[in-house]
Structures are given as structure tokens and as C-alpha cells.
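Worksheet: one structure, shown below.
All chains are named by letter (A, B, ...) in the order of the sequence lines, taking the proteins before the strands, and each is independently numbered beginning at 1.
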Amino acid sequence: MYATLNEQMDVYRAGAIELLPEDELARKIENSIKKQKPLNIKLGADPSRPDLHLGHAVVLHKLRQFQDFGHNAILIIGDFTGMIGDPSGKSKTRPQLTIDETIANGRTYLEQATIILDKSKMIVKNNSEWLSKLNFSDVIHLAAKYTVAQLLERDDFSKRHKANLPISMHEFLYPLAQAYDSYAINSDVELGGSDQKFNLLVGREIQKAYGSEPQCILTMPLLEGTDGVEKMSKSLDNYIALNDTPRDMFGKAMSVPDNMITRYLQYAAMATIDEINAVQTGLADGSIHPRNAKVDMAKKIVTLYYGFEAGENALLEFERIFKNKDLPDKIDLLEIYIENSTIGIIDLLVAANLSPSKKEARRLIEQGGVSIDSQKVSDVFSVIDIYEKKLIKIGKRNFLYVQKKSE
RNA sequence: GGGCAGGUGCCAGAGCGGUCAAAUGGAUCAGACUGUAAAUCUGACGGGUCAUGCCCUACGGAGGUUCAAAUCCUUCUCUGCCCA
């Protein structure tokens, strides 16, 4: 049922930032092989941000590796903690969620996570299952197991503390609650981003304090977003979503800076070490053109999620649109209801939702970013007849057919 | 409880009675160029308008002073620091 200890360790170590403590993990694995008993691999899911992107995928792929060796993935939906609000590492406290939102978000999360994970070896738990049962004295007992100084070691706490930014009491409780999860589900290994290292380690301490065997922790790097600098996140809008269309996935991957190519190969495209090394040396000695390396990387990512054919198509389409300035092979048609069949260009852009305001629409036209049927529109007072469908292009990559709605 | 410092546009951060729809940087969008939705350069960047001048909304909330307030006063509220 299980691969050997060394086979497993090699795979787990690959790409990880930290794996602590390694010998302990080795022991756990040995044991599991001997007893033919899978380990519990914990991953905390944040229900406040249900839309997953390639940054989340880094950890999910790691978890999948554990599954592939027969271990149990245990996803903890932080429905309880989500309702408290989590310290985000940013200066602002996260919004609190309602129960309904949490449930809906949890469902979305799972839907997207199973793009990567193996459903058959997955257990999903809501942490309200045990956390909501703790009473105040339980909480105080839990809180007594950790000190303020220990909590202040956490990077974002100490940063905020030094920068005179607010830290609420409940934020201090958050790592403890998460640690309690580890105890509650009997976690053997917990995975997380490198920013979670602190929380994961608290899990160890709390498990010990409650008399169970402590978990090992494995942290993965935080993948930079398409800007190549900040970590990938929805709020910075530098993300590639797991459910982005192949076209968008490809395009966004192409927009990462050149120096991110190998990093994306490793953590987003899940390329093998050999592939990564080949590209790295090729780029260094100039035998591989960065553009080609990037195209290749983008294609691999699309292939990983949509299959070989989609990868090919995304590449072809990208070349068509940006190299040959041609049209994509599929353009949406929007039918607009108007009295006559003519409409001013500015109103048209707003009606078609291509511009949030008339001022913005006017700007786009004045700057030469708008064309109708491949004819640049330069007059903001142009009147367009949409009895026949017309192709609107805005900027480099927004295409839309519009037509008067026939009733 | 007391003292002090603050709350400005998507974010960071200037401004401290009119010349402020508010410097600067980032983000974003458009254009040029190209190896791409890279880089670089240029421009735009609250909304409305029978159109460029005017109108509306905006500098934590509410009042007030003034011909005029993001800027001064009062009060409320939120945040941080120090003292207790």
C-alpha cells in the first residue's frame, strides 16, 4: 500500500521550505508503513476567501502528494474561526462572516480544492464541531498554555506591535483555536504556507499540552503574484485563479516578469526538477529565449489544469491575439435593448458594461483604445448602428459583439 | 481615568483658510514600442454635462465660525503611544 520511507520523504521534501522535525516525520511514516495505517494530514481552509488561486494550489499539490501515498487529507473549514475574523497579517482585521456565508464559502472552497485533491482520500471537517462546544473556562485553560511573549513572536503580530497598529484580543486567540483543531482531529502533519509556520507550531505545543503526540509541520513558499513581487492574493489582484479560463490563465502567466519563470515552473506548473534546471541554465547562458521559456511555462500551467489540448489552444490563441493582432476564436455576443437601432458610442460602452462610467468611456475613446469592427473610433459623439452585430474592441484584449435585442 | 499624536481618494502618503477633485509613489486603464497581458516611455486616473466651462459628490460623523474650510472651533467616534 505504501511506498518506502525514503521515497515518501524525498517527495515531501521537494519544494518545501521547512519540514519540522524531519526525524519525527520519518518515524511517523515508518510507523504508518508498519501498521498500514494512514497519517492524518491537516490543512486549514479559510472560508473568508473561498476563491482559490495558484498560490493556494502550491500547498494543495503538496497535500495531494501525501494522498497519493495513501494518507488522509483532512481539510478543516474554519467556519467557527471565520466567524470570529482572522488576523490577516494586514493591518486590518478581517470582516466577520455570517453562518450562511461561511457555509457557502466552504462549499466553494471544496469545489475548487478538489480540482487538485483526491476526493476519495479526503475528510472535511468544520471546526465549529468542537470549538463551539468549548465554554469560557475551557478557553481560559487553552489560553493559559501559551504566553503573550510567545504570541508576539509571530511575525505579523510583532510587526504590527512595533508599528503601533492595532491588535485585537481575539486575534491572539486565533492561533490557539487553530492549534486546538490539530488536537481535535489528531493531526500527524499540518501543511501551510510559510506565513503559517507560527500557527502550525502552536499546534504542536497545544497537542503536547493536551497530552497527544505533536504534529510535524511542513511549510511551502508563498508564490509571488503576477507582479512578481507581492505574494499572490485576490485583494492585490495579482492572482491566477484555479477556475480562470485557459485563455486568462495563459495570458496572466505570460504577464509575470521574466525573473519569475523558473519559480512559476516549479510551484505553479509543477514541473520536474530536471525541467526546471534545464530552463534555468538555458536562460542563464542565453540558449533559451525568455519569451519561449515563458510561453512554455504558461502552457504547462494550462495543461496541468485543463489538459494537453487546452494548453495548445491557449498558446495558439495567445499568439493570434497578441502577435498577429487577430481575433480570439470565441467572442461573446451581448444583446442590448434600445428604442432605435442607433446609440451613441459612449452610451454603448456603458450599456455593454465595458466602462463603469461615461467619463471613463470618453477617456478610452480619446486615448484611442476603442474600435468598432476594426475601425478605430476617435469621435466621442459617434453614433453606432447596432441593428447588425458590431464587434467592439477595447484595449488589447477585450472583445465583445453587441447587437440590438430583437424582441 | 489622565496626557499626547492621529483618522485624507483603490493603497501608501503630502497638504493645514482661498490658486484643492486635493502633491508624490504604487496599483489600475489606454497609447507607443516589443519578445508577451515582460521591461521601458507617454498619457489618463470621483461623477455628470445639450462638452470644457459649469454643476454635483468627496478629505472619520454631526454641528459651527467665515464671503470662502480637507485646513479654524465645538462635539461625537475610532486608532496608536505614554502615565495610572
[atom1] gap between [N] and [M], integer Å:
| N | M | atom1 | result |
| --- | --- | --- | --- |
| B/rA12 | B/rG63 | C1' | 32 Å |
| B/rG7 | B/rC16 | C1' | 15 Å |
| B/rU74 | B/rU65 | P | 15 Å |
| B/rA38 | B/rG46 | C1' | 32 Å |
| B/rG17 | B/rA69 | P | 14 Å |
| B/rC76 | B/rC82 | C1' | 24 Å |
| B/rC29 | B/rU34 | P | 22 Å |
| B/rA14 | B/rG25 | P | 15 Å |

Take a 6.0 Å sphere around [atom1] of [X] and say whether it holds more than 12 heavy atoms from other residues, nucleotides or ligands.
| X | atom1 | answer |
| --- | --- | --- |
| A/Glu312 | CD | yes |
| A/Lys390 | NZ | yes |
| A/Lys125 | NZ | no |

Just how far, in rounded Å, is [atom2] of [N] from [atom1] of [X]?
| X | N | atom1 | atom2 | result |
| --- | --- | --- | --- | --- |
| A/Lys323 | B/rG35 | NZ | C1' | 8 Å |
| A/Asp379 | B/rA51 | CG | P | 13 Å |
| A/Asn238 | B/rC11 | CG | C1' | 13 Å |
| A/Ile365 | B/rG31 | CD1 | P | 13 Å |
| A/Lys359 | B/rA30 | NZ | C1' | 17 Å |
| A/Ile346 | B/rA51 | CD1 | P | 12 Å |
| A/Lys299 | B/rA37 | NZ | P | 19 Å |
| A/Glu366 | B/rG31 | CD | C1' | 13 Å |

Would you indicate what [X] reaches in the nucleic acid, counting non-hydrogen atoms under 4.0 angstrom: base, sugar-phosphate, or nothing?
| X | answer |
| --- | --- |
| A/Asn292 | nothing |
| A/Phe381 | base |
| A/Gly251 | base |
| A/Lys393 | nothing |

Exercise for the section: With RNA chain B as reference, determine whether A/Ile261 or A/Lys376 sits nearer its 5' end, using the nearest nucleotide of each. Expected result: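 Between the two, 5'-proximity favours A/Lys376.
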
Practice task
Could you check A/Gly395 against A/Lys294 and say which one's nearest nucleotide on RNA chain B is further toward the 5' end?
Solution key: A/Gly395

Can you tell me which nucleotide in [options] comes closest to the side chain of [X]?
| X | options | value |
| --- | --- | --- |
| A/Gln367 | B/rU52, B/rG43, B/rC29 | B/rG43 |
| A/Leu364 | B/rU52, B/rC29, B/rG47 | B/rC29 |
| A/Ser357 | B/rA51, B/rA30, B/rG48 | B/rG48 |
| A/His161 | B/rU36, B/rG35, B/rC81 | B/rC81 |
| A/Ser255 | B/rA38, B/rG35, B/rA37 | B/rA37 |
| A/Asp258 | B/rA38, B/rG48, B/rU52 | B/rA38 |
| A/Arg397 | B/rA37, B/rG47, B/rU36 | B/rA37 |
| A/Pro290 | B/rA37, B/rG35, B/rG47 | B/rG35 |

Handout entry: B/rA30 phosphate, OP1 or OP2, under 4.0 Å from A/Arg363 side-chain N/O
Key = no

Exercise for the section: Indicate whether OP1 or OP2 belonging to B/rU49 is found under 4.0 Å from a side-chain N or O atom of A/Lys358. Expected result: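 Answer is yes, contact under 4.0 Å.
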
Watson-Crick/G-U partner (both atom distances under 3.5 Å) of [N]:
| N | result |
| --- | --- |
| B/rG25 | B/rC11 |
| B/rG17 | none |
| B/rC4 | B/rG80 |
| B/rC41 | B/rG31 |

Handout entry: Closest approach of A/Ile321 to A/Leu327 (non-hydrogen atoms, all atoms of both residues)
Key =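 The answer is CG1-C, 4.3 Å.
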
Practice task
Decide if the gap between the ring center of A/Phe172 and the ring center of A/Phe157 is smaller than 6.0 angstrom.
Solution key: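 Yes, close enough.
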
Handout entry: Lys/Arg cation over aromatic A/Tyr210: A/Lys145, 6.0 Å, 45° cone
Key = yes

Handout entry: Axial cation check for A/Tyr401 ring with A/Lys389, 6.0 Å and 45° limits
Key =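 Satisfied, under 6.0 Å and within 45°.
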
Exercise for the section: Indicate whether any N or O donor in one side chain lies under 3.5 Å from an N or O acceptor in the other, for A/Asp285 and A/Ser287. Expected result: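 Short answer, yes.
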
